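Residue numbering restarts at 1 for every chain, and letters A, B, ... go by the order of the sequence lines. What's counted below: heavy atoms across the whole structure, side chains too, no hydrogens, waters or symmetry copies. Note that the structure is a prediction, hence the values are computed from the model and not measured.
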There are 4 protein chains.
Amino acid sequence: MSKPREEKYQAILDAATEAFAEYGYFTCQVSKIAKLAGVADGTIYLYFKNKEDILVSLFSDRMGNFIQEIRQSIVKCQTTQERLFCIIRTHFKYMEENRSLAIVTQIELRQSDPKIREAISGPLREYFHLIEQVLTEGVEKQEIILADVKVGRQMFFGTLDAAISDWVSSKKPRPLEGIEELVFELMRGAFKIKQ
Amino acid sequence: MSKPREEKYQAILDAATEAFAEYGYFTCQVSKIAKLAGVADGTIYLYFKNKEDILVSLFSDRMGNFIQEIRQSIVKCQTTQERLFCIIRTHFKYMEENRSLAIVTQIELRQSDPKIREAISGPLREYFHLIEQVLTEGVEKQEIILADVKVGRQMFFGTLDAAISDWVSSKKPRPLEGIEELVFELMRGAFKIKQ
Amino acid sequence: MSKPREEKYQAILDAATEAFAEYGYFTCQVSKIAKLAGVADGTIYLYFKNKEDILVSLFSDRMGNFIQEIRQSIVKCQTTQERLFCIIRTHFKYMEENRSLAIVTQIELRQSDPKIREAISGPLREYFHLIEQVLTEGVEKQEIILADVKVGRQMFFGTLDAAISDWVSSKKPRPLEGIEELVFELMRGAFKIKQ
Amino acid sequence: MSKPREEKYQAILDAATEAFAEYGYFTCQVSKIAKLAGVADGTIYLYFKNKEDILVSLFSDRMGNFIQEIRQSIVKCQTTQERLFCIIRTHFKYMEENRSLAIVTQIELRQSDPKIREAISGPLREYFHLIEQVLTEGVEKQEIILADVKVGRQMFFGTLDAAISDWVSSKKPRPLEGIEELVFELMRGAFKIKQ
DNA sequence: GATGAATGAGCTTTCATTCAT
DNA sequence: TATGAATGAAAGCTCATTCAT
């Protein structure tokens, strides 16, 4: 993609993130995104097939980015304990820096429209898979104790997700940074990680 | 409310639960609910102010029910450990028996439309509060160790929520009943519950 | 179909005929038809699937009617000569009484949009078939001389069609009634009909 | 017009003929013509005022060509009989060699959009006039018998038009060349042309 | 002259809601 | 109370046309 094209593509995606976060996917008109992006309505359709494609692209682009960042962050970690803490920290940091994305994620992650769900599920599943890999490896290396990796992932992700959800819906949220340690402490107990 | 009126009210709410679960709130037309409930489109508006009111009523009615059931179930429990396990079991059992409600909960819990969110948040907050009460009491009685009750609740609820989410979106889910023990085992570790 | 439903259906079809005749299918907005029919835009869609369906229904309804009238008119005829004259007369009379339909026929008969063409071609082909039957019978009974029935039909129909076309596009057309004899006289020569 | 300018002008007209024939005037986007002509969308507007102007130009250019060819072909004819046969042959030959133009003619000849109709009617009327001239002269020279020249022209043109229409819409048309004689034989009878 | 990205007016269609019966 | 035909506002999307490069 050429430079200015890529820039406008990202500008529309940024605008969509903001707009979806504020109004929700269905309540948000395409014209609102266009206005926010500073382009004409029709321009949107030079970059995206339709409204749904904006949402889907938003996910693969932003979530892809997010997962990549997570991946990079754990690469230098030595132990499972470090890896888990690293994911918590990066997850919180990323969402804190991308509040609108966090909201959209919270909101649209569970769209029931099957078409949308399917399209969205890819990146999310990838993240789930990554977490499960870390857990599996931890079990193998006997760094953690865990009877069921899937349930472990559900707890791990569910906790982060619920924390974000609270943070997102709170008017005056305490910084997510402040609860990293608290969350990790719980995980340590759950996974029987030695001090 | 008179008997037959109450019955039709519930019939519409049942229909709405099914329909919202299948199509999602926005994608589901009021006429679909009407058809499923076996009433005319116009009749809906004799019982509900508008489409949004159906969703909101659905939540306060069904979630109210749910919370009441949870409350009843923990009333006979002696220890925090029992209470937590009881919540897990009842939560899973209720959702398993009301799959459509579970789906709607998953989907619409995070509506971004501020009006809807506000209306929905009531029952959910009540549930959060209940969990936090149990945790607080557990800390006070030194039955569990927990640095931050809110984060504890996030982990507790988030885990259940993520489990339901997986269960709901899976074509062939393993019964939730089967993971109660697994989930509880994690909680025991997290909250440092003695064996 | 119930009485009032049928009436409104016909009213919309009448309005569509007028509107298509005046503006052409593509240039005519659905809202114009609705206005002319005295109904709301949305009402149109209670009776027709979409804009195209209006055109298609218009054809099968009106052309069906037309062909039926032609059929009825020739039933009492004894000779091929009478039948041909009868078709000419009825064709002209019908179109003269349904000027808008005549225009729509002229205009949309040759739509290139394949979907529309296909849908429209049915009734027209039926008419062609009817003419060819009359000609074939005439040849068999030796009431006319004709080397090729299809070409004979092309001439017969083409002539009527061109006459209507002129009449339709003329501001001050001479009545079609006035040229029945002239047209028939040409046919008599072409088909070698004995005096 | 300069040489390369004229070439590009014709290239666009060629492309438009193909594209209109395939999709119809309204269904065909300007961008499709541009693509087919191998030029940018904007370039079209350096040669034509707007989409409508393409259609109109197409007609005056191509139909002008057609009529000129007809004119040239009858110039060497001695009798009305020869002239009529010559028109039939040339008409068929030209359309057979320019199938797309034939389609466009069939389709758009009867546009209801008044502006387009008016613009198109010029060349067509010229052709009508030419036919009528031949017929009038034939009557005057007593080579044909015809009560009404206009009706005569309607029959003559209508027949050719209907034949083309069939040919155009048929998947496997018999060559028009094959029906020249058949058509002429009918004309001979209609116009009482002596053998 | 040539380009093609950008524009935005205008279209078809949907669907929550109303109201005469 | 119940109905369901009718409403009409509103939204996604297309595409002829423009204009900066």
In whole angstrom, what separates [X]'s [atom1] from [N]'s [atom2]?
| X | N | atom1 | atom2 | answer |
| --- | --- | --- | --- | --- |
| B:Tyr9 | F:dA2 | OH | C1' | 19 Å |
| A:Ile44 | E:dG8 | CD1 | P | 13 Å |
| A:Tyr45 | F:dA11 | OH | C1' | 9 Å |
| D:Ile12 | E:dG1 | CD1 | P | 11 Å |
| C:Gln29 | F:dG8 | CD | P | 18 Å |
| D:Asp53 | F:dT17 | CG | C1' | 14 Å |
| A:Tyr23 | F:dA11 | OH | P | 12 Å |
| D:Tyr25 | F:dC15 | OH | P | 14 Å |

query: Start at the 5' end of DNA chain E and walk down; is the nucleotide closest to B:Gly42 or to A:Gly38 reached first?
result: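 That would be A:Gly38.
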field: 5'-most by nearest nucleotide on DNA chain E - A:Ala40 or B:Asp41
entry: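 The residue whose closest nucleotide sits nearer the 5' end is A:Ala40.
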- prompt: Which base, if any, makes a Watson-Crick or G-U wobble pair with F:dA11, both distances under 3.5 Å?
  reply: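 Across all strands, the one nucleotide that pairs with F:dA11 is E:dT12.
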task: Quick one: look up who E:dT21 pairs with, Watson-Crick or G-U, both distances under 3.5 Å, and put none if it's unpaired.
output: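 Its partner is F:dA2 (Watson-Crick or G-U wobble, both distances under 3.5 Å).
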From the options [options], select the nucleotide whose nearest atom is closest to the side chain of [X].
| X | options | value |
| --- | --- | --- |
| C:Asn50 | E:dC11, E:dT7, E:dT13 | E:dT13 |
| D:Lys51 | F:dG12, F:dT7, F:dT17 | F:dT17 |
| A:Val30 | F:dG12, F:dA5, E:dA5 | F:dG12 |

Is [X] close enough to [N] that one of its side-chain N or O atoms is under 4.0 Å from OP1 or OP2 there?
| X | N | value |
| --- | --- | --- |
| C:Arg5 | F:dA5 | no |
| D:Ser31 | F:dC15 | no |
| A:Tyr47 | E:dA6 | yes |

field: D:Asp14/D:Arg62 salt bridge by N-O under 4.0 Å criterion
entry: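 Yes, charged N to carboxylate O under 4.0 Å.
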task: Decide, yes or no, whether a salt bridge links C:Asp41 with C:Lys32 under the criterion of side-chain N to carboxylate O below 4.0 Å.
output: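 Salt bridge flag = no for C:Lys32 with C:Asp41.
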message: Mind checking if D:Lys8 touches a base, just sugar-phosphate, or nothing, with heavy atoms under 4.0 Å?
response: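 Since only primed, P, OP1 and OP2 atoms lie under 4.0 Å of D:Lys8, the category is sugar-phosphate.
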task: Taking all heavy atoms of A:Phe20 and all of A:Lys51, pick out the closest pair and write down the distance.
output: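 Heavy atoms only, the tightest pair is CE2-CE, 4.5 Å.
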- request: Can you label the angle between the C:Tyr9 ring and the C:Phe48 ring as parallel, tilted or perpendicular, going by 30° and 60°?
  value: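 It falls in the parallel class, under 30°.
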query: Are D:Ile33 and D:Leu36 close enough that some pair of their side-chain heavy atoms sits under 4.5 Å apart?
result: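 SC-SC contact between D:Ile33 and D:Leu36 ruled out.
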